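Fair warning: this is a prediction, and the values are worked out from it, not measured in the lab. Along the sequence shown, residues are numbered consecutively beginning with 1.
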Amino acid sequence: MNIKSVVVWFLILPLLAVSCQQGGDNKSTEEKKELRIISLSGFLTETLFDLGLGEQIVGRDITSTYPSSINEVPALGHVSRINVEAVIGLNPDFVIAEEDQYESYRVLKQIEEAGINVLAVPTSTSLQNALHASTYLSQHMPVDKDKIAELEEKIIKDSLALAETLATFEDEPQVLFIYARGAGRLMVGGKNTGASAMIKKAGGVNAIQSFDDYVTLTPESLLEANPDVILMFTSGIASLDGKEGLVQIKGISQTPAFQHDRIVAMDGHYLVSFCSRAGQAAKELAQQIHLE
């Protein structure tokens with residue numbers, strides 16, 4: 001078995017395991033009670049749309065912006081500052097959030113204490129994240145199994161396309177992720193971050209290996225990273241007035257990435273939420289960070 005085949009099977013074997021664990025039944029969602037759902041995660045909002053439940057969302061957090069039709073649904077603010085009374089006023093059957101949000105924000109427990117069913121959905125930085133979340137949701141609310149099967153087929157297809165793309169590259173570029181909200185708020189992503197996981201899936205190497213999470217960007221950290229490629233959110237680079245604004249960052253002009261104009265910008269939700277389009281995002285990133 002050649003290396004390409006090994007990569008392909010490594011990507012799809014977890015999917016085959018998930019397909020054996022799916023809950024729910026075969027009835028269509030049209031035959032079931034219309035739910036009232038509040039989603040407090042952009043990732044989970046997109047997943048609900050994947051499952052045909054998007055129209056049953058009656059409230060959302062500010063990270064829920066995809067697909068665009070969700071912007072017609074009332075926004076409740078950031079999950080850390082959700083107003084309990086506003087949630088109760090929407091009379092939801094379910095409030096769904098990511099498990100780490102539930103563990104971090106007391107307000108979600110207050111919502112639960114008010115008698116509302118709060119689902120804390122486990123998430124990960126795997127290409128199968130949306131499939132795992134869908135399987136979890138199907139164990140707690142009516143979900144059409146056909147929708148999960150369609151989602152699984154899509155993720156397998158995208159994973160295979162990613163594997164084929166990666167097989168065409170030989171280089172392993174050092175990629176530095178910079179989070180920006182204007183020149184006054186700049187951070188770099190270390191290990192164990194969504195950005196680092198996506199860089200690895202795209203065949204790159206996170207240029208920062210000395211710390212976890214996100215820390216303030218300094219000229220010293222730029223020198224340490226010495227990246228071949230700089231990766232940013234499109235919103236972040238826009239907050240610096242485009243690529244030209246990067247010169248505001250002290251020390252960046254000395255990096256190989258800046259000198260060779262290897263600056264990559266992608267939508268933040270698409271890049272690091274590990275939604276059902278994660279395989280597509282990884283493939284797109286791979287095509288931009290590797291040398292031809």
Side-chain angles (χ1 to χ4, degrees), residues 6-29 32 35 37 39-57 60 63-67 70 94 96-102 119-166 192-202 267-286:
V6 170
V7 171
V8 168
W9 280 107
F10 178 78
L11 287 167
I12 67 174
L13 277 175
L15 294 169
L16 299 178
V18 170
S19 66
C20 297
Q21 302 169 7
Q22 294 168 1
D25 55 49
N26 285 310
K27 295 181 181 178
S28 67
T29 53
K32 298 169 183 173
L35 300 175
I37 304 171
S39 175
L40 301 180
S41 156
F43 158 68
L44 291 172
T45 294
E46 182 169 350
T47 302
L48 287 171
F49 274 91
D50 291 331
L51 297 175
L53 297 172
E55 292 185 359
Q56 300 183 45
I57 300 174
R60 63 182 174 95
T63 71
S64 297
T65 58
Y66 183 91
I70 193 63
F94 294 98
I96 65 171
E98 297 179 26
E99 190 174 58
D100 61 349
Q101 294 174 323
Y102 181 82
L119 296 184
V121 183
T123 59
S124 69
T125 54
S126 77
L127 298 183
Q128 297 83 37
N129 189 33
L131 188 57
H132 292 150
S134 298
T135 301
Y136 179 88
L137 290 172
S138 74
Q139 295 166 358
H140 298 272
M141 63 173 63
V143 173
D144 189 337
K145 284 184 66 176
D146 290 341
K147 291 293 186 181
I148 298 183
E150 290 172 8
L151 182 60
E152 179 182 24
E153 182 178 356
K154 170 183 167 37
I155 293 174
I156 290 175
K157 180 180 178 181
D158 291 345
S159 297
L160 290 171
L162 171 61
E164 291 175 359
T165 297
L166 292 177
N192 298 319
T193 60
S196 181
M198 184 57 77
I199 288 167
K200 182 177 180 179
K201 284 173 175 54
D267 176 77
H269 171 74
Y270 181 52
L271 183 66
V272 298
S273 74
F274 286 87
C275 59
S276 60
R277 299 174 293 147
Q280 297 175 32
K283 177 183 174 181
E284 182 179 322
L285 179 60

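For Y66, there are no side chain to side chain donor-acceptor pair (under 3.5 Å) partners two or more places apart in sequence or in a different chain. Applying the side chain to side chain donor-acceptor pair (under 3.5 Å) test to N192 and every residue at least two apart in sequence or in another chain returns D212. With sequence neighbours excluded, no residue satisfies side chain to side chain donor-acceptor pair (under 3.5 Å) with N129. A search for salt bridge (Lys or Arg N to Asp or Glu O under 4.0 Å) contacts involving K283 returns nothing, not counting sequence neighbours. For S41, the side-chain contact (heavy atoms from CB on, under 4.5 Å) partners at least two apart in sequence or on another chain are F43, L44, E98, Q101. For D50, the salt bridge (Lys or Arg N to Asp or Glu O under 4.0 Å) test picks out no residue, with sequence neighbours left out. Take S39 and apply the side chain to side chain donor-acceptor pair (under 3.5 Å) test, not counting sequence neighbours, and it matches T45. In this structure, the side-chain contact (heavy atoms from CB on, under 4.5 Å) partners of A282, at least two apart in sequence or on a different chain, are L162, M198, K201.
Applying the salt bridge (charged side-chain N to carboxylate O under 4.0 Å, His left out) test to residues at least two apart or on different chains, none of the pairs has a partner in residues 267-276. Evaluation of the ring-ring contact (aromatic ring centres under 6.0 Å, His included) test over residues 136-160, restricted to residues two or more places apart or in two chains, returns Y136-H140. Listed by first then second residue, pairs satisfying salt bridge (charged side-chain N to carboxylate O under 4.0 Å, His left out) with a partner in residues 119-129 number zero, not counting sequence neighbours.
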>> Determine whether F94 and L137 satisfy the following criterion, side-chain contact (heavy atoms from CB on, under 4.5 Å), listing intermediate values before the conclusion.
In response: CA-CA 11 Å; F94 294 98; L137 290 172; over 6 Å; no

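Using a 4.5 Å heavy-atom threshold, the side chains of L127 and D158 count as separate. Proximity of Q128 to F274: side-chain heavy atoms (C-beta onward) are nowhere separated by under 4.5 Å. Side-chain contact between S138 and I148: present, with at least one pair of heavy atoms (C-beta onward) separated by less than 4.5 Å. Taking the side chain as every heavy atom from C-beta outward, T47 and S134 approach each other to under 4.5 Å. Proximity of R277 to H269: side-chain heavy atoms (C-beta onward) are separated by under 4.5 Å at one or more points. Contact annotation: the side chain of E153 never approaches that of I155 to less than 4.5 Å [non-hydrogen atoms, C-beta and beyond]. The closest side-chain heavy-atom distance from I96 to L40 is not below 4.5 Å. The shortest side-chain heavy-atom distance between L35 and M141 falls under the 4.5 Å cut-off.
Counting all heavy atoms, side chain and backbone alike, V272 lies closest to G194 at CG1-C, 4.0 Å. Summarising the geometry of I70 relative to S64, their closest heavy-atom pair is CG2-O, 3.4 Å, with the distance given to 0.1 Å. Among all heavy-atom pairs drawn from A286 and T165, the shortest one is CB-CG2, 4.5 Å. Considering every non-hydrogen atom in both A130 and C275, the closest pair reads CB-C, 4.0 Å. The shortest heavy-atom contact between D146 and D144 is N-OD1, 2.9 Å.
The CD atom of E152 lies 10.5 Å from the NZ atom of K145; values are rounded to the nearest 0.5 Å. Atom OG1 of residue T125 and atom NZ of residue K200 lie 9.0 Å apart, to the nearest 0.5 angstrom. Summarising the geometry, atom CD belonging to E46 is positioned 6.0 Å from atom OG belonging to S273; distances are rounded to the nearest 0.5 Å.
Heavy atoms of other residues, nucleotides or ligands lying less than 6.0 angstrom from NZ of K154 number more than 12.
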